[in-house]
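Keep in mind that what you see is a predicted model, and the values were worked out from it rather than measured. In this chain, residues are counted from 1 in sequence order.
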Amino acid sequence: MPAKDIFHDTVKNALVKEGWIITDDPLYLDYGGVDMYVDLGAQKLIAAQKYQQKIAVEIKTFNRPSLIAEFHSALGQFLNYRLVLENIEPEIKMYLAISEDVYEAFFTLVFTQNAVEKYKIK
């Protein structure tokens with residue numbers, strides 16, 4: 001099982017504070033002969049619509065010297081996890097959690113914004 005990210009508990013606590021129920025820590029995926037672990041799985045009851053919204057969250061610190069290398073790794077994981085979820089549990093929406101500092105330093109750049117839009121990263 002993979003090691004937890006530095007911000008793991010922070011993201012988990014924020015989700016709980018927003019009314020999410022953590023269902024998996026980590027969320028285990030088994031597809032096509034490959035085992036994978038997304039950092040968190042969560043669900044929230046949408047009372048007005050009487051259904052449960054489900055999400056999977058991959059948490060990334062971006063603590064390597066190269067932000068672009070870290071982004072390549074995070075994007076690859078995100079896309080692979082989303083591919084698996086689309087095939088086995090399409091109701092689960094995939095999210096990428098990053099710190100505000102990383103967002104401001106890297107995710108506001110034109111390149112990164114284009115990638116987020118192109119690959120529909122939530």
Is it true that atom CD of Glu104 has more than 12 heavy atoms of other residues, nucleotides or ligands lying nearer than 6.0 Å? yes
May I ask you to decide if Thr61's main-chain N or O and Asp5's side chain share a donor-acceptor pair within less than 3.5 Å? yes
Grab the two heavy atoms, one from Asp39 and one from Ile59, that are nearest each other, plus how far apart they are. OD2-N, 2.7 Å
For the CD atom of Gln53 and the CD atom of Glu91, what is their distance to the nearest 0.5 Å? 11.5 Å
If you count heavy atoms of other groups shown closer than 6.0 angstrom to OH of Tyr119, is the number above 12? no
dist Gln113:CD -> Ile121:CD1 (nearest 0.5 Å) comes out at 10.0 Å
Rounded to the nearest 0.5 Å, what separates atom CZ in Phe7 from atom CD in Glu100? 11.0 Å
If you look at every heavy atom in Leu45 and Gln52, which pair is closest and at what distance? CD1-CG, 4.1 Å
For the side chain of Lys44 and the backbone of Glu18, is there at least one donor-acceptor N/O pair under 3.5 Å apart? yes
Between Thr23 and Gln43 (side chain of the first, backbone of the second, donor and acceptor by atom type, cut-off under 3.5 Å), is there such a pair? no
Heavy-atom pair with the smallest gap, counting every atom of Glu58 and Val38: OE1-CA, 3.6 Å
Aromatic contact, Phe107 with Phe71 (centres under 6.0 Å): yes
Please confirm whether the backbone N or O of Gln77 pairs with a side-chain atom of Arg82, one donor and one acceptor, at under 3.5 Å? no
For Val11 and Asn13: C-alpha separation, side-chain torsions, deciding distance, then whether side-chain contact (heavy atoms from CB on, under 4.5 Å) applies. CA-CA 5 Å; Val11 172; Asn13 292 336; over 6 Å; no
Report the C-alpha separation of Leu85 and Lys93 in whole Å, then their side-chain angles, then the decisive distance to 0.1 Å, and conclude whether the side-chain contact (heavy atoms from CB on, under 4.5 Å) test is met. CA-CA 8 Å; Leu85 288 170; Lys93 301 298 177 206; over 6 Å; no
If you group Ile, Leu, Val, Met, Phe, Trp and Tyr by side-chain heavy-atom gaps below 4.5 Å, do Val34 and Leu75 land in one group? yes
If you measure from CG on Leu29 to CD1 on Ile88, what distance do you get to the nearest 0.5 Å? 5.0 Å
If you group Ile, Leu, Val, Met, Phe, Trp and Tyr by side-chain heavy-atom gaps below 4.5 Å, do Val16 and Leu40 land in one group? yes
List the steps, then state whether side-chain contact (heavy atoms from CB on, under 4.5 Å) holds for Val84 with Glu89. CA-CA 8 Å; Val84 171; Glu89 295 196 56; over 6 Å; no
Please determine whether side-chain contact (heavy atoms from CB on, under 4.5 Å) holds for the pair Phe111 and Ile68, giving the CA-CA distance in whole Å, both sets of side-chain angles, and the decisive distance to 0.1 Å. CA-CA 10 Å; Phe111 165 78; Ile68 193 67; 3.5 Å; yes
According to a 4.5 Å side-chain heavy-atom criterion applied to Ile, Leu, Val, Met, Phe, Trp and Tyr, with indirect links allowed, do Leu83 and Tyr95 form part of one hydrophobic cluster? no
Could you tell me the separation between the NZ atom of Lys60 and the CG atom of Leu96, rounded to the nearest 0.5 Å? 8.0 Å
Ignoring hydrogens and geometry, is there a side-chain-to-backbone donor-acceptor pair from Tyr81 to Tyr37 under 3.5 Å? yes
Measuring from atom CD of Glu86 to atom CG of Leu79, what distance do you get when rounded to the nearest 0.5 angstrom? 9.5 Å
Say whether Val116 and Tyr103 are linked into one hydrophobic cluster, either directly or through other cluster members, by side-chain heavy-atom distances under 4.5 angstrom. yes
Taking all non-hydrogen atoms of both residues, which atom of Val57 and which atom of Met94 are closest, and how far apart? C-CE, 4.3 Å
Of all the heavy-atom pairs spanning Ala42 and Ile22, show the shortest one and how long it is. CB-CD1, 4.1 Å
Does any part of the side chain of Arg64, heavy atoms only, come nearer than 4.5 Å to the side chain of Ser73, both counted from C-beta? yes
